[in-house]
Amino acid sequence: EDQVTQSPEALRLQEGESSSLNCSYTVSGLRGLFWYRQDPGKGPEFLFTLYSAGEEKEKERLKATLTKKESFLHITAPKPEDSATYLCAVQGGGFQKLVFGTGTRLLVSP
Amino acid sequence: DVKVTQSSRYLVKRTGEKVFLECVQDMDHENMFWYRQDPGLGLRLIYFSYDVKMKEKGDIPEGYSVSREKKERFSLILESASTNQTSMYLCATSTPNSPLHFGNGTRLTVT
């Protein structure tokens, strides 16, 4: 059974204080690992897809990396507007059936 | 940009009522999905559809059904609402080679 575990559950940072979010996964035949951002009262917003170990993707202050067992979302010099819940999901062999983690709630204080 | 519109942001229904949640997309995507999101449990897949009139059960289909009569519209039906179906319901769409795009959700409360 595919599983995704995200840590920490919540993270509080000062503006400019870089950190990383972790997504550990077990999946039979990884077809993709996805990162989403979710603001309160809104649906998840797509950030990245990673397909194979060693792959990295960047967008503004965010950088996602992938190994065979986990993915990291690195946040460099975060700003208050980066505050959100970050969700990780994996797609195994099934038809676009994503398995989601429970997310990391990030709060960036000015 | 993909637009996925869910008909209601908030909905309050009574136990035993039949409830319809509607989702409409404007990008001609083949695939549509219904998830529910609960604290501590994350997003869980209820049903999905890869074509008009086609539907497949997800991980937690019990107590739900779906309808897809037109490509752009995917409805989730709670045949007889119960309090344990109080949740945030999220619709998503995709093509075979694109990530899922989500609507803003319907927060359903069953009293």
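None of the values given here were measured: they were computed from a predicted structure. The figures that follow rest on heavy atoms only: side chains count, while hydrogens, waters and symmetry mates do not.
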Do B/Val66 and B/Val24 sit in one hydrophobic cluster, given that two such residues count as connected whenever their side-chain heavy atoms are within less than 4.5 Å of each other, even indirectly?
no

d(A/Leu98 CG, B/Phe33 CZ) to nearest 0.5 Å is 7.0 Å

More than 12 foreign heavy atoms under 6.0 Å from NZ of A/Lys57: is that the case here?
yes

With only heavy atoms counted, which part of B/Gln37 is less than 4.5 Å from chain A, the side chain, the backbone, both or neither?
side chain

Show every disulfide bond (SG atoms under 2.5 Å apart) that has at least one partner inside residues 2-88 of chain A, sequence neighbours left out.
A/Cys23-A/Cys88

In the single-linkage hydrophobic clustering (I, L, V, M, F, W, Y; side-chain heavy atoms under 4.5 Å), do A/Leu33 and A/Phe100 co-cluster?
no

Just so I understand: if I count every heavy-atom pair under 4.5 Å between each of B/Pro99, B/Gly58, B/Gly42 and chain A, which residue has the most?
B/Pro99

Heavy-atom distance under 4.5 Å to chain A: side chain of B/Arg44, backbone, both or neither?
neither

Applying a strict under-4.5 Å side-chain criterion to I, L, V, M, F, W and Y, I'd like to know whether A/Leu50 and A/Leu62 cluster together.
yes

What residue, out of A/Gly41, A/Gly32, A/Pro44, has the most heavy-atom pairs lying under 4.5 Å from chain B?
A/Pro44

Within the supplied structure, the quantity of interest is the number of heavy atoms (other residues, nucleotides, ligands) at a distance under 6.0 Å from B/Glu17 CD; does it exceed 12?
yes

Where does B/Asp59 contact chain A at under 4.5 Å (heavy atoms): side chain, backbone, both or neither?
side chain

So, the part of B/Leu45 with a heavy atom under 4.5 Å from chain A: the answer is side chain

For atom CD of A/Glu81, is the number of surrounding heavy atoms from other residues, nucleotides or ligands below 6.0 Å larger than 12?
yes

Write out, in numerical order, the residues from residues 100-111 of chain B with a heavy atom short of 4.5 Å from a heavy atom in chain A.
B/Leu100, B/Phe102, B/Gly103, B/Asn104

Any chance CZ of A/Arg61 has more than 12 other-residue heavy atoms, nucleotides or ligands included, within less than 6.0 Å?
yes

Any chain of hydrophobic side-chain contacts (each under 4.5 Å) joining B/Phe48 to B/Leu21?
no

Residues of residues 103-110 of chain A with a heavy atom under 4.5 Å from any heavy atom of chain B, in residue-number order, are none

Can you name the nearest heavy-atom pair linking B/Leu41 to A/Thr102, along with the distance?
C-CG2, 3.8 Å

For chain A, which residues from residues 78-98 of chain B lie under 4.5 Å away (heavy-atom distances)?
B/Leu90, B/Ser94, B/Thr95, B/Pro96, B/Ser98

Verify the cluster assignment for B/Leu11 and B/Ile46: are they in a single hydrophobic cluster under the rule of side-chain heavy atoms below 4.5 Å apart?
yes

